[in-house]
Amino acid sequence: MGDSQDLRVKLGVLDPVGDSGVFDVVLIRPGEANGVEFSAGVLKDAVNLFENANVFIDHGGVFEFTRSVRDLAGVITQARYQETKGITGRLRLMTPSGWLEDFLRQLVADSERGLAVPRVGLSADLYIRRKGGNVEEIRRVNSVDIVFDPAAGGSFERVLNSVGGRPPLSPPHGKNGGEESHGGDEVGEKKVEDVVVKARKEHGVKEPVVLQEERPQGAMLRESGHPEALVMAAAQGTAVQELRRVQCSCVLQSVLDANRDLPEAMTTLLQERFQGSIFDAADLQNEVAAIRKAWSNLQEKNVIQGMGTGSDGSPAGDRVSVPRVRGMWDSLDRVQMAFDRLMGLEVPGEQSDLPRLTGIRELYLMLTGDHEMYGRFNGDRVTLANVTTSTMTSVVKNALNKVLLKSYNMRPQWWAPIAYEEDFNTLNSVTWITLGGIADLDEVTEGNAYTEKSWSDNEETSDFVKMGNYVGITLEMIDRDNVGSIRQLPQKLGLAAARTLSGTISALFTDNSGTGPALTDTYKLFDASNHSNLLTTALSTTAWDAVIQAMFSQAEATSTKRIGVRPATILVPIELEKTALTIINSPNEPGTADNDINVRQGSARVIAVPEWTDTNNWAACASPLDLPGVCVGYRFGRAPEMFVADSDVVGSMFTNDEMRIKVRFFYAVGIGDWRALHKNNVA
């Protein structure tokens with residue numbers, strides 16, 4: 001073994017897959033690849049480096065120091081280590097439904113049918129440190145690329161978010177008295193055969209030539225007349241014939257499997273023609289083409305034609321109107337979409353011809369008939385069907401809810417990478433449970449009993465809080481057509497909801513002079529003596545390395561074993577963002593004169609917390625997939641809800657001529673395990 005060496009390797013991942021833009025993948029398995037050995041321990045330590053790794057189409061060239069956005073395919077998320085597979089994750093394509101997804105989907109389909117597929121897979125581009133033939137550490141993951149002929153590693157596992165797959169090319173079929181039933185049209189076997197024969201002639205498909213016997217390789221020897229040659233030729237010819245027959249049978253079965261959407265009568269005809277015979281593959285494909293054309297001819301009369309066009313294609317002046325199919329929208333749906341557009345929301349492309357509302361006053365009069373602005377519903381003046389006393393508020397609520405949700409989601413949710421989030425079905429207090437560690441297993445000698453191993457769990461609780469307010473839309477605002485103000489109401493409420501949750505999570509790090517809330521063990525979240533997760537060092541390369549070591553060295557409960565969890569995120573005020581980015585992204589260690597390599601490059605993401613005003617303090621968090629630190633529970637959804645008062649005979653509409661919009665947000669914020677968090681309170 002020589003001294004440790006740093007080098008860059010590109011590792012392959014096999015087995016293509018693909019549908020719906022999201023795939024479960026195995027990124028790299030323990031074992032040998034490109035002449036070096038990756039152990040399970042090395043891979044476990046490198047899991048976080050694969051989180052959010054970019055995925056490109058093909059590797060960059062030797063002299064390609066930057067990659068083009070045009071080659072970007074997607075990103076890896078939810079990286080984790082599984083004992084039976086290695087490092088796994090999810091690949092999310094950035095442009096789903098494009099050629100790449102179609103290509104990967106086809107690979108999956110062929111692979112699942114047992115067909116031969118191109119050697120296309122993922123290939124990880126890594127910087128590693130090795131000693132001899134063994135990898136000691138994966139230092140950095142540059143990217144995970146989709147390439148041809150990858151070296152080694154893992155596989156695509158399955159497709160996520162699929163919605164039932166593609167529709168069949170033909171209706172389902174089954175036997176009815178020896179015949180096939182397709183949409184009420186009886187297609188018997190004789191009729192099928194007649195149509196196939198006709199299709200061959202009409203479309204120039206030659207009759208398949210089935211080779212029942214093939215000239216054996218020993219034919220020339222047999223013709224020489226020597227007895228030994230005759231025996232050898234006969235045996236040789238029989239073996240070759242049987243081999244060809246088996247090969248043709250396999251090809252036929254693959255073709256039948258690939259054409260299961262055809263009626264059974266047609267696949268039976270194909271099977272009877274070629275089963276047990278030696279044939280040319282081109283003849284088989286020609287026969288399949290003829291059968292598919294025949295099936296298309298049989299179905300042609302059942303296809304709906306002319307729908308969606310404005311004319312029948314006759315010369316100008318002689319055109320006849322034909323029906324035009326539109327989306328199944330009623331009048332209220334179109335009113336809803338018209339108000340959505342007035343509030344700045346997008347409408348479906350096929351509804352782009354919707355008449356535009358002049359303002360909210362027009363909507364109010366249309367849905368209430370209240371021309372005198374009494375604040376009550378007048379059904380005699382409403383011309384739209386299905387309009388009731390609650391229609392106006394329902395339309396307003398639906399549109400403003402969409403604006404509220406859009407505004408809430410537009411606000412950067414900085415806490416998403418560090419928080420474990422869960423939905424609950426009651427408002428009971430939430431108990432966040434973290435199991436304690438178990439030390440090494442004890443040896444059990446022959447004939448002796450097993451001994452009990454001690455363990456414990458840590459429980460932290462948090463209560464749900466209800467946050468909310470209401471704002472009013474008065475009849476005066478409606479009469480003045482104050483669209484701009486009404487449009488901004490849900491936007492501002494959405495931003496306020498996001499800021500509220502953001503502030504609650506931020507306070508976990510800043511409460512009690514920066515030491516956080518008290519936990520069930522009576523100590524504050526950040527405690528140098530009892531939790532070993534509080535330092536006072538200014539942010540620097542050396543300080544960051546000290547935090548990595550401190551978190552990695554934390555011990556399991558009821559055990560002195562190290563948990564071995566690394567920080568995945570640096571949390572900073574905006575004033576320290578540049579310093580943190582320099583530490584994480586610089587190829588050379590900042591502040592050194594001898595051009596040392598920055599071994600911590602790419603070791604974490606940097607997030608600036610909006611609420612932090614102390615310009616010196618900073619913190620670190622582990623990935624919630626490794627160890628949940630910050631925990632957020634939701635009730636009634638992960639976004640604020642909106643309600644609108646909808647009665648004109650009681651409440652605010654009656655007493656104040658005001659349509660009140662209420663926003664409500666239930667959530668619970670707490671700590672799962674303090675070992676996942678570290679803080680530096682700098683004087």
For [Y], does its backbone N or O pair with a side-chain atom of [X] as donor and acceptor, under 3.5 Å?
X	Y	answer
N48	V565	no
Q601	N585	yes
R635	N425	yes
R139	E137	no
E460	W432	no
D145	F56	yes
N598	S586	yes

If I compare all heavy atoms of [X] with all of [Y], which pair ends up nearest, and what's the gap?
X	Y	value
A79	L625	O-CD1, 4.0 Å
A550	H678	CB-NE2, 3.9 Å
D463	A668	O-CB, 3.6 Å
Q491	S407	O-OG, 2.6 Å
C621	M551	C-CE, 4.3 Å
L571	W612	O-CZ3, 3.4 Å

**Asked** Considering residues, nucleotides and ligands other than R664, do more than 12 of their heavy atoms fall under 6.0 Å from its CZ?
**Response**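 Yes, enclosed.
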Side-chain heavy-atom pair [X], [Y] within 4.5 angstrom cut-off:
X	Y	answer
R605	P417	yes
V465	Y667	yes
V255	Q285	yes
S39	V135	no
I146	V55	yes
P640	L493	no
L576	V606	no
D423	R638	yes

Roughly how far, to the nearest 0.5 Å, is the [atom2] atom of [Y] from the [atom1] atom of [X]?
X	Y	atom1	atom2	value
E51	I87	CD	CD1	11.5 Å
T88	Q82	OG1	CD	4.0 Å
L49	L27	CG	CG	11.5 Å
I505	E611	CD1	CD	9.0 Å
I76	F50	CD1	CZ	9.0 Å
R566	S623	CZ	OG	13.5 Å

**Message:** With side-chain contact (heavy atoms from CB on, under 4.5 Å) as the criterion, how do E37 and V42 come out once you've worked through the C-alpha distance, each side chain's angles and the decisive distance to 0.1 Å?
**Reply:** CA-CA 10 Å; E37 185 77 14; V42 167; over 6 Å; no
**Asked** Residues in side chain to side chain contact (heavy atoms under 4.5 Å, CB included) with P624, at least two apart?
**Response**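 Applying side chain to side chain contact (heavy atoms under 4.5 Å, CB included) to P624 gives Y420.
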**Request:** Answer yes or no: is there an ion pair linking E83 with K44, defined by an N-O contact shorter than 4.0 Å?
**Result:**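 Between K44 and E83 there is a salt bridge, with a charged N closer than 4.0 Å to a carboxylate O.
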**Item:** Matching residue for F665 among F636, F464, Y408 - test: ring-ring contact (aromatic ring centres under 6.0 Å, His included)
**Value:**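 Filter result, single survivor: Y408.
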**Asked** Any luck finding a side-chain donor-acceptor pair between W618 and T579 under 3.5 Å?
**Response**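 No, no side-chain donor-acceptor contact under 3.5 Å.
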**Partner of V609 by side chain to side chain contact (heavy atoms under 4.5 Å, CB included), out of W414, F509, W415** =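 Passing option: W414.
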**Request:** Begin from the C-alpha positions of N52 and T77 and carry the test side-chain contact (heavy atoms from CB on, under 4.5 Å) through to its verdict.
**Result:** CA-CA 5 Å; N52 294 330; T77 62; 4.0 Å; yes
